[in-house]
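In what follows, chains are A, B, ... by sequence order, proteins preceding strands, each numbered from 1.
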There are 2 protein chains.
Amino acid sequence: MAARHEEIADELRRAIDREEYAVGALLPAETDLATRYGVSRGTVRQAVAALTSEGLIGSRQGARRVVLASRRSQSFAELRSFAQWARAMGRAATGRVVAQEYRPAGTEDAVRLQLRAGTPVLHVLRVRGLDGEPVLLERTVYADWIAAAVEPIEPDCASVTQRLLDDTGLVFAYGEHVIDAVAAGAQDAELLGVRRTSPLLRVRRVTTTYEGRPVEWSDDRYRSDAVSFSVHNSIGNNALARKTAE
Amino acid sequence: MAARHEEIADELRRAIDREEYAVGALLPAETDLATRYGVSRGTVRQAVAALTSEGLIGSRQGARRVVLASRRSQSFAELRSFAQWARAMGRAATGRVVAQEYRPAGTEDAVRLQLRAGTPVLHVLRVRGLDGEPVLLERTVYADWIAAAVEPIEPDCASVTQRLLDDTGLVFAYGEHVIDAVAAGAQDAELLGVRRTSPLLRVRRVTTTYEGRPVEWSDDRYRSDAVSFSVHNSIGNNALARKTAE
DNA sequence: GAGGCGAACTTGTCTGAACAAGTTGGCCTC
DNA sequence: GAGGCCAACTTGTTCAGACAAGTTCGCCTC
């Protein structure tokens, strides 16, 4: 938290949180904030841009900024891994590997991980929970070049992401997620403790390094009674994309 | 498309699209792009910031930017309404009102729309489709102050959003969406043409004006075989938020 | 060959200024 | 009172420069 614009963004977030700026009220003008914090207008703009992208405030040319919401849903920054997310919410992440084996990469594996078909990849089936209650079923495929580092990790390791960072310095930098809904199959139902055909929230994701090299891809299935996703958008600026079936 | 930084962003997007900058390759340095386009470094930074937030390129201090993906999923800007989204994909949005009636606002309506309980609000049940095939079931509640403008709209109007803009100048400026999965009920199944208990992707959303005043809230259920959502994230910058059940 | 060091490069942060473009509200007219 | 117009205000865009912080890669040493 070195950067001044981040400090200012944080102060504004807190001020909104404690309703110093109520929902529906107007934020002070940029120039006011600039003099108040003793920085230039550009720095203030960086700060409020962050809040805007978080959906906390609305912004349009000519009019003062409006406070749209106060309840920011638990630390938007750095909710990358399941474990980090759980910790940020004050809950304990648990995990258990149900099955783990090497298989030659199929066509889908090869495409998503940018490998040649037939390359041995590591399939891991993992159940994850919050405070012990199963919430998520992860079917992950790791690329061959990282598989050796994943294999020896204890089955009940709470954060594989953290572990790989510590052991190998690997950073899960970028992720692409496709979200849809599926009915629980027999295995899903048993491991998550729900009835078969229960609706599950499915997130298929590919994670890459800083260089854009795919590390893993995964089919994650969440119990829909336990977890939901929230997204906000504004006109002309939209992080979410609807996609039709291919 | 007046702003220079938007033009540059667009040129870069197209260049990535036609693989002038291949996935995994490095983008030219900011200073290079600045001289190439004859603008200052700040303007280039605005352009690449847009691509970064779209997930097309990755960025970190000290290293050149990396191209992460090329296939940008159909116009990120302005996919606000169902009709606009359909049009951007080259498909025709259809719509049909199944039921429409005034009811006094319940507690949930009152909270979400910031009205007093008992205020008459307009409930509309609408089936929407792509090229005639039903894809989405919308259960929308409109605030009292806009209901009078919604009521007379023809049942098969393709874009209610556009219609309200034309008639009343109302802009749906901001939206907050919560995504989860539910099983299709009897009515859902019949209207969407799926079996009962089929998994549906549910999006509960509240739409507001520029001032943050809630206009409508809606329970939208998508056929999960027809539509999915995609989100990308990067370390320390995340538009998506996982939420646990309340 | 392995490792450490440092220079060159690149992105991040910040300033101060100027003008463009959109909104708001008061004043004036009819 | 209704409507139109204008001035003040506010955000958006762009520039040029400076320094900080992180990465990369070649060179040198051991």
Given that A:Arg65 and A:Glu211 both sit by DNA chain D, which one's nearest nucleotide is further toward the 5' end? A:Arg65

In plain terms, say whether B:Arg14 and B:Asp17 are close enough for a salt bridge, that is, a side-chain N and a carboxylate O under 4.0 Å apart. no

For A:Gln61 and C:dC19, give me the distance from atom CD to atom P, rounded to whole Å. 17 Å

Would you mind classifying the nucleic acid contact of B:Arg45 as base, sugar-phosphate or nothing, using non-hydrogen atoms under 4.0 angstrom? base

Nearest to the side chain of A:Glu6, which nucleotide is it out of C:dT24, C:dT13, C:dC14? C:dT13

Applying a 4.0 Å non-hydrogen cut-off, can you work out what B:Ser59 is touching in the nucleic acid: base, sugar-phosphate, or nothing? sugar-phosphate

Distance under 4.0 Å to a non-hydrogen atom of chain A counts as contact; along DNA chain D, which nucleotides mark the start and end? D:dT10 to D:dT13

Considering heavy-atom distances to DNA chain C, does A:Val39 or A:Gly62 have its closest nucleotide positioned more toward the 5' end? A:Val39

In plain terms, say whether B:Glu20 and B:Arg18 are close enough for a salt bridge, that is, a side-chain N and a carboxylate O under 4.0 Å apart. yes

B:Tyr102 and B:Glu151: CA distance, side-chain angles, deciding distance, side-chain hydrogen bond (donor to acceptor under 3.5 Å, both in side chains) verdict: CA-CA 10 Å; B:Tyr102 280 95; B:Glu151 205 189 347; 3.1 Å; yes

Taking the side chain of B:Arg41 as heavy atoms from C-beta outward, which of C:dC14, C:dG12, C:dT23 is closest to it? C:dG12

Protein-nucleotide distance (A:His5, atom NE2; C:dG12, atom P), rounded to Å: 10 Å

With heavy atoms under 4.0 Å as the rule, sort A:Gln46 into base, sugar-phosphate or nothing. sugar-phosphate

Counting N and O atoms only, with roles assigned by atom type, does the side chain of A:Ser218 sit under 3.5 Å from a partner on the main chain of A:Arg139, one being a donor and the other an acceptor? yes

Let me know which of A:Asp109, A:Thr207, A:Thr140 forms a side-chain hydrogen bond (donor to acceptor under 3.5 Å, both in side chains) with A:Trp217. A:Asp109

B:Arg60, B:Arg64, B:Arg65 screened by salt bridge (Lys or Arg N to Asp or Glu O under 4.0 Å) with A:Glu211, the one that passes: B:Arg60

